[in-house]
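Working notes for the structure below.
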Amino acid sequence: MAILITGGCGYIGSHTVIEMVKAGYDVVILDNFYNSKPEALRRTRELAGRDVPFYECDIRDAEGLRRIFREQSIDAVIHFAGLKAVGESVQKPLAYYDNNVGGTVVLCQVMAEFGCKRMVFSSSATVYGMNNPSPLKEDMPTGAVTNPYGRTKYIIEEILKDVCVSDKDWSVVLLRYFNPIGAHESGRIGEDPNGIPNNLMPYITQVAIGKLPRLSVYGDDYDTHDGTGVRDYIHVVDLAAGHVKAVDYALGHSGAEVFNLGTGNGYSVLDLVHAFEKASGVAIPYAIAPRRAGDIATCYSDPSKAERVLGWKAARGVDEMCRDSWRWQSGNPRGYDQ
Ligand code: NAD
Ligand code: WQD
């Protein structure tokens, strides 16, 4: 009995591999290294303390997937593999629909061929769109998304719900992540974006190591306590632990169930900058810049359903998130490139 982890060499996937092994699961990793590196796999195996089986494979390659299902006894899939850059998705929508939506359809078809009908899927708070007030709850309307990336997550959620309606043997857990930051406490694995980071925390850490001159704060005139955007930052190891609980749940239920994975706390851009400065002892120069298109003022979760049903709750606070992001970045100034 093993759990296949697609995208298991990526940021969230690598941390989840470690938490799953710690919880006693056998895991198999699949990745095409589109947005990750073999060095991440090497270090993940090192931290897991075992030679976890790995397949270099694309989720759109049905024959490649069949080989994995033939060679391994897979009971469930944690499905991280996908493209995730919001801005790029506006430029290349077809690549996002092909990889994220098309890839998920091929993966589900091959799973069904082999009678494996349990999946935990990486969805996103982005599916709540522009119109819902925070705290965001799982039963609020979804779909008013602002970009093709978000639309792929919304469409995949709907596809997976339809699959569960069509065949009662399917069990799907849709996890809506809020804003994952932080890194494994060893400082050996973490987020390693290509080029200039799009997301706030990797931008802050690259300013802190001197790779970038200053942070642009996108807007200080939002209706928030200090005018800057408020988000629900969650430590990636807490997020990874949520996947262990979600797999436990998927193995014992059928149908589709949705859970927010967040802390329920909102921090502004400047709150995060100051928390990072305190944790690292490094000053972060910043300048106020215009709002970024598509951003909303405030987005944080109501995480109570995950606590009630899965028995999961985020344990790490923002100081730990900043400390661990900094340990990773300062110990690996060039990420996985040595
Ligand atoms: P990541 O890019 O670090 O990891 C994704 C991994 O999937 C990479 O290793 C990449 O090489 C692999 N991959 C991509 N397309 C593939 C394909 N066709 N076949 C095989 N492998 C493929 O991203 P992450 O931050 O770890 O995110 C994981 C998942 O969580 C994604 O689906 C993402 O959309 C979702 N998510 C991420 C965030 C976030 O802020 N990081 C928030 C919400 C949801
Ligand atoms: C956080 C806050 C920015 C960068 C995105 C995706 C979402 C999800 C997580 C995958 C906002 C501000 C940022 C910078 C800034 N991903 N900011 N200067 O936008 O909440 O969510 O990542 O599903 O779908 O949209 O995260 O980290 O980009 O921004 O001021 O250089 O930081 O305006 O208020 P976001 P983020």
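Atoms within each ligand, like the ligands themselves, are counted from 1 in listed order. From a predicted model like this one, the values you see are computed outputs, not experimental measurements.
Each of the atoms 24 (O) of ligand 2 lies under 4.0 Å from some heavy atom of T126. Each of the atoms 29 (C), 30 (O), 32 (O), 35 (C) of ligand 1 lies under 4.0 Å from some heavy atom of S122. Listed by number with element, the atoms of ligand 1 under 4.0 Å from a non-hydrogen atom of P180 are 39 (C), 40 (O), 41 (N). For ligand 1, the atoms closer than 4.0 angstrom to any heavy atom of Y34 are 11 (O). Residue S123 approaches ligand 1 through these ligand atoms, each under 4.0 Å from one of its heavy atoms: 43 (C), 44 (C).
Contact annotation: for T228 versus ligand 2, there are no heavy atoms closer than 4.0 Å. With a 4.0 Å cut-off on non-hydrogen atoms, Y267 does not touch ligand 2 at all. At a 4.0 Å heavy-atom cut-off, ligand 2 touches N199 through backbone and side chain alike. Of the heavy atoms in N179, only side-chain atoms (C-beta onward) come closer than 4.0 Å to ligand 2. Here Y149 has side-chain heavy atoms under 4.0 Å from ligand 1, and that is the only part of it that gets that close. Counting heavy atoms under 4.0 Å from ligand 1, residue E191 does not touch it at all.
Distance from atom 3 (O) of ligand 1 to its nearest protein heavy atom, with residue and atom name: Y11 N, 2.9 Å.
At least one heavy atom of L30 sits under 4.0 Å from some atom of ligand 1.
Here's the thing with D31: one of its N/O atoms is less than 3.5 angstrom from an N/O atom of ligand 1.
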